[in-house]
Amino acid sequence: MMRYSEMFLPTTKETPSDAEIVSHQLMLRAGMIRKLTGGIYTYLPLGYRVIRKVENIVREEMNRAGAQEVFMPAVQPAELWVESGRWDMYGKELLRVRDRHNRDYCIGPTHEEVITALVRDEIQTYRQLPRNLYQIQTKFRDEIRPRFGVMRCREFGMKDAYSFDATEESAEESYRKMFDAYTRIFTRCGLSFRPVEADSGNIGGSFSHEFMVTADSGEDAIVSCTSCDYAANLEKAEISRPEEETGHDHAMEYSPTEEVHTPDVRTIEEVCTFLDVAPRDVVKTMIFMCDGEPVAVLVRGDEDINEAKLRNYLECDSLELAMDDTILEVTGSPRGFAGPMGIKSRIIADYSLMNMKNFVVGANREDHHIKNCNSGRDFEIKDYADLRIIREDDVCPRCGEKLRIVRGIEVGHVFKLGVKYSKAMNATFLDRDGKEKHMIMGCYGIGIGRTAAACIEQSHDEDGIIWPMSIAPYQVIITPVNINDEDLSDAAEELYNSLIAEGIEVILDDRNERAGVKFKDADLIGIPIRVTVGAKSLAEGKVEVRFRKSGEVEKIPLETIRDFITKTIMDQISISCG
RNA sequence: CGGGGCGUAGCGCAGCCUGGCAGCGCGCCUGCUUUGGGAGCAGGAUGUCGCAGGUUCAAAUCCUGCCGCCCCGACCA
């Protein structure tokens, strides 16, 4: 299939200085990718072979799960996006273009609009449901800051699938099928991963999982239980409502409030230093604007508010920290002295405030704080909720055991959409009961390039990439130690032809290079099996098989080498998928 | 969008402060030697010094503007 001397495979010895993470460095060094411009990459032959391997695994498993492949346009008319409401909502990540007639288009960052428009025109009855359509296509998202090579880039290959169902039960079944398909896909790609619960935004009754490849270089933090199988991303990770302390009279322990002069003392840190208290004795009062209404959110001083949780709890579309003039209006003081006592807004409190006594709050008066504040006596908290960011020393919300926080790379996402798009775009069907209903949708994405990069993050050493057999660009590389030695080159050539005849993906390194150069390149590009053809072994009628992953070397007689390799490859590709 | 840095041979970089021959390493080409972990010797080719303008006898070097890239932050699914 391929002679190294004829391949377009520009490897480099030196690590490019602007590549931060190992997958980016190695993809450049191994001649897999080259950058065209910010966040936009060309896949060279070696890189593209890996991409196609991943795509084919995805394709096989999607088909197995009953999804059908389509191919949608990358360029989409603005009208569809106006219809779904996302033309205005999506923001700057949406790359908008105009044609010669001055009509608006975008380069698709995702395809809910297109698929929904297609399906609403073609599906009329529950008899045509459920359906699951997917595609593997290039997406464009104008990322604010592309980085890490193909990990976070602007143009990228993605598999996106969309399911349409008539009933909730059926929709959940569609979701489960995709969840299982994803598990098979990432297992077959040789990845260590885990599905985690993810925030699904404010669509009622929906749920969502992210498939995270665990890697220290990951951009996302994930929380997992050391005991049960609970796992969630940071945004989603729940914190249980603490037990309320009972059995004694709180009021007895309340000290009288005391307003203290705290000139220019604003942050929690400053308050603690000034009053000689710990952050956990202070209550932080943050003023948010929630769909235009101010809300005071209380959290213990050593905790941080999780805006995703807050947004979900308040069921609002827009949520942002209030501007200074709003703070002045609501608290009557400048930023830094807000507190719950006498505040002119709704108050909600994180669970961390339960059981706090005699705490410090802002006085809603410039340069003043209040000591020994107590809820119930000094102000009323009607709403307690889980509003803060989880920490590693919190306990599992399911079983109460210890948690662990690790970093991960999001390679896949399954999301139950519900009727968000079918409603906005009027995708309905006629149900058995004769009523017109909105289709229940789900969407399911996999980042193809990111999956390949995540694999490198997880599987490499100081010499280069270590591909698993399933997505390796080639399965075998034959390295004749000296191409000018006819015995060696003839033997290598013969083996090469016999492996090709077996359908094995093999490179013959027929370059007139020194052995060391060839070994280094073979290691760098990560081919799982290297067959070295050298004079000593050949004299015994043998060649050396070296495994990239373990470094183990076996001498195999020429008569059995073909069968040995075929069997090894078969063994390594057919990984059990549970 | 804010802050910082960079832009000089295919790649990595020095030179810029203090204006005066365009340089180093790797790679590339030719020849000889070498050939089991990125060879040695000899010879050679390669530049819009990011772009535009300005100052100057003279600009890679100083000044102004622009463009591109990288990093940090903010923002965002």
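Chain A is the first sequence line, chain B the second, and so forth, proteins listed ahead of strands; every chain is numbered from 1. In this text the structure is predicted, and so the values were computed from the model without any measurement.
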(message) Check the orientation of His24(A) and Tyr41(A). Use parallel for under 30°, tilted for 30 to 60°, and perpendicular for over 60°.
(response)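 Perpendicular.
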Rounded interatomic separation in angstrom, taking [atom1] from [X] and [atom2] from [N]:
X	N	atom1	atom2	answer
Arg29(A)	rG12(B)	CZ	C1'	13 Å
Met158(A)	rA77(B)	CE	C1'	11 Å
Asp521(A)	rC26(B)	CG	P	18 Å
Arg152(A)	rC72(B)	CZ	P	12 Å
Glu14(A)	rG10(B)	CD	P	15 Å
Arg147(A)	rC75(B)	CZ	P	13 Å
Ile144(A)	rG2(B)	CD1	C1'	11 Å
Ile40(A)	rG68(B)	CD1	C1'	13 Å

If we call it a pair only when both distances are under 3.5 Å in a Watson-Crick or G-U wobble match, what pairs with [N]?
N	value
rC24(B)	rG12(B)
rU55(B)	none
rG7(B)	rC67(B)
rC41(B)	rG31(B)
rG73(B)	rC1(B)

(message) Is Arg514(A) close enough to rG38(B) that one of its side-chain N or O atoms is under 4.0 Å from OP1 or OP2 there?
(response)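 False: Arg514(A) side-chain N/O out of range (4.0 Å or more) of rG38(B) OP1/OP2.
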base_contact_polar ([N] base, [X] side chain, donor-acceptor, <3.5 Å):
X	N	answer
Asp463(A)	rG37(B)	no
Asp485(A)	rU35(B)	no
Asn482(A)	rG36(B)	no
Glu544(A)	rG36(B)	yes
Arg34(A)	rG10(B)	no
Arg546(A)	rG36(B)	no

(request) Might you work through the ring pair (Phe, Tyr, Trp, His ring centres under 6.0 Å) test for Tyr421(A) and Tyr162(A), ending with a clear yes or no? (result) CA-CA 11 Å; Tyr421(A) 293 95; Tyr162(A) 305 90; 8.9 Å; no
(message) Main chain of Val533(A), side chain of Ser537(A): is a donor-acceptor contact present, judged purely on distance under 3.5 Å?
(response)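 No, because the side chain of Ser537(A) does not come within donor-acceptor range (under 3.5 Å) of the backbone of Val533(A).
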(request) Please confirm whether the backbone N or O of Ile465(A) pairs with a side-chain atom of Arg548(A), one donor and one acceptor, at under 3.5 Å? (result)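 Indeed, once roles are kept as given, a pair shorter than 3.5 Å links the two residues.
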(request) Look at the side chain of Thr532(A) and decide which nucleotide, out of rG37(B), rA77(B), rG36(B), has an atom nearest to it. (result)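 Nearest nucleotide to the side chain: rG36(B).
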